[in-house]
There are 2 protein chains.
Amino acid sequence: MKQNIKVAVDAIVFGYSHNQLMVLLIRRKYGELKGQWALPGGFVKDDEGLDTAVVRELQEEAGISVNFLEQLYTFGDQVDRDPRFRVISVAYFALVNPSRLVLKADTDADDAQWFPIQGLPALAFDHADIIRMAVARLQSKLQYQPVGFDLLPEQFLFSDLEQLYATILDQAIDRRNFRKKILSLGVVEETTQKVQQQSGRPAMLFRFNKRKYQKLQKEGISFEIKFA
Amino acid sequence: MKQNIKVAVDAIVFGYSHNQLMVLLIRRKYGELKGQWALPGGFVKDDEGLDTAVVRELQEEAGISVNFLEQLYTFGDQVDRDPRFRVISVAYFALVNPSRLVLKADTDADDAQWFPIQGLPALAFDHADIIRMAVARLQSKLQYQPVGFDLLPEQFLFSDLEQLYATILDQAIDRRNFRKKILSLGVVEETTQKVQQQSGRPAMLFRFNKRKYQKLQKEGISFEIKFA
DNA sequence: AGACTTATGCGTATTGCATACACAAATATA
DNA sequence: TATATTTGTGTATGCAATACGCATAAGTCT
């Protein structure tokens, strides 16, 4: 059995800070593409699972562990997507919340960096395409799964959640209807704490109800078509 | 760069006949697992894309070409899913309509066969898991994409379409509401032909409006959440 | 101190779509 | 001719998404 194809994993890690959707990128240190920015990832070892490989690479390259991880798509239709040799890449979709957003300087701090989704640098390989697909996935996910939890801190303002949806979906949101919708799902709870912003009425802090959240994450948000 | 992982593709091909959901399986001819049933598929060549590989394998192993093909998932978390050596498999989801349902005897007719989803034989590798995931995908797809077209003949009865949904989703359907729903999407058109079944009122033949169908297939069926 | 600005929090009317359900039409068969 | 069988259509109800207005609680400006 002769076959000469290498298997890599890549991760698109999304974070949310300062009202912006961010993506984690790594500056390549070696080889032809040295200096270029790319998604974190690398080759899979012979004795490790694909999932294990992503987790390891994220730890090695950015010292980060994620809140949410799922397979996105496997890129391998184009034989020459890697200029060096034939590589197929299993791409993973990941989310981190702010408490894990800080990049440890395991590797040089300079090599791993967050970029806002609108201001990405030139990327190696087909990584720009991969990110585009990941953004689409995030957007659609937002509509049928309560994903916000994995991007927000423990406690947050309702306006934060609203901003997050507005930013990622890139559309205006009616605050009142949004609130009604989210509260009706029962995934967020009011805490007893208030927070004072710049000016205006102080806001209540909210937190996610983890149980209901995880339940809904599995089941999906309540819309199924029922003919019967 | 030392890595010893082989890349395979497998296809879950669904067909629909005699009011049953069918899956295409292949009997393995060689090796340790000789005689066992498995999904059609095989190793990817060094100079072909993943998508090309699936199409080729389906042609080689069953002499079949499909109506719909999309990537399902890549299986590679378990290192020993293939007893021979490390293999990751990119699984594809495919649909064929009855006009292509016939298996050419390219290979022995005996080696490729349709099985009803409820009556599958013992399967090699983790192929039973793969099929389970594919069925779930088909069921959910049915709810947000007009998939029926790729499983039905050019012209069909409304009751066929209804039966198909009922069979795959495994639930009873209210004929009147189903009809209303589907017609409101505008993807099916009445033809001028009537057909007489066993007894009862003769039924009109319908066909899909390909344009609207393809449009909806890309956009998804009309439910987005709009907060604004 | 009072008027104004800013942001939060809540309520109500409307509309559209999913659901539930009943009967007429057109054929075969007994 | 009556009965069974399958197709085809219509209407009432309820819930959820949308649209929209206003009160509340702060800071800020004059």
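Basis for what follows: all heavy atoms, side chains included, without hydrogens, waters or symmetry-related copies. Residue numbers begin at 1 in each chain, while the letters A, B, ... track the order of the sequences.
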For [X], which residues count as a salt bridge (charged side-chain N to carboxylate O under 4.0 Å, His left out) partner, sequence neighbours excluded?
X: A:Arg81; answer: A:Asp126
X: A:Arg28; answer: none
X: B:Arg179; answer: none

Residue pairs fulfilling ring pair (Phe, Tyr, Trp, His ring centres under 6.0 Å) with at least one residue in residues 181-209 of chain B, sequence neighbours excluded: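 Sorted result for residues 181-209 of chain B: B:Phe149-B:Phe208, B:Phe156-B:Phe208, B:Phe158-B:Phe206, B:Phe208-B:Tyr213.
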
Which residue pairs pass the ring pair (Phe, Tyr, Trp, His ring centres under 6.0 Å) test with at least one member in residues 51-71 of chain B, sequence neighbours excluded?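 Sorted result for residues 51-71 of chain B: empty, none.
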
Just N and O in the side chain of B:Ser159: are any of them under 4.0 Å from OP1 or OP2 of D:dT7?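 The answer is yes; a side-chain N or O of B:Ser159 sits under 4.0 Å from OP1 or OP2.
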
Roughly how far, to the nearest 0.5 Å, is CG of A:Asp10 from NE2 of A:His127?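 If I round to the nearest 0.5 Å, the distance is 4.0 Å.
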
Taking only residues two or more places apart in sequence, or in another chain, which ones meet B:Tyr92 in a ring pair (Phe, Tyr, Trp, His ring centres under 6.0 Å)?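 Not a single residue meets the ring pair (Phe, Tyr, Trp, His ring centres under 6.0 Å) criterion with B:Tyr92.
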
Measure [atom1]/[X] against [atom2]/[N] and give the value in whole Å, please.
X: B:Gln163; N: D:dT7; atom1: CD; atom2: C1'; value: 14 Å
X: A:Leu185; N: D:dA16; atom1: CG; atom2: C1'; value: 12 Å
X: B:Glu162; N: D:dG8; atom1: CD; atom2: P; value: 11 Å
X: A:Phe156; N: C:dA7; atom1: CZ; atom2: P; value: 20 Å
X: A:Gln193; N: C:dT8; atom1: CD; atom2: C1'; value: 17 Å
X: A:Phe178; N: D:dA19; atom1: CZ; atom2: P; value: 16 Å
X: B:Gln171; N: C:dA18; atom1: CD; atom2: C1'; value: 13 Å

Protein and nucleotides 26-30 of chain D: nitrogen or oxygen contacts under 3.5 angstrom:
none

Please tabulate, one pair per line, each protein N/O and nucleotide N/O from nucleotides 9-14 of chain D that are separated by under 3.5 Å, including the distance.
unit_1, atom_1, unit_2, atom_2, d
D:dT11, O4, B:Lys180, NZ, 2.7

Review item, side-chain donor-acceptor pairs of residues 13-25 of chain B, under 3.5 Å, at least two apart:
unit_1, atom_1, unit_2, atom_2, d
B:Tyr16, OH, B:Asn19, OD1, 3.3
B:Tyr16, OH, B:Leu164, N, 3.3

Give the ring-plane orientation class for B:Tyr73 versus B:Phe75, where under 30° counts as parallel, over 60° as perpendicular and anything between as tilted.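 The rings of B:Tyr73 and B:Phe75 stand perpendicular, inter-plane angle above 60°.
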
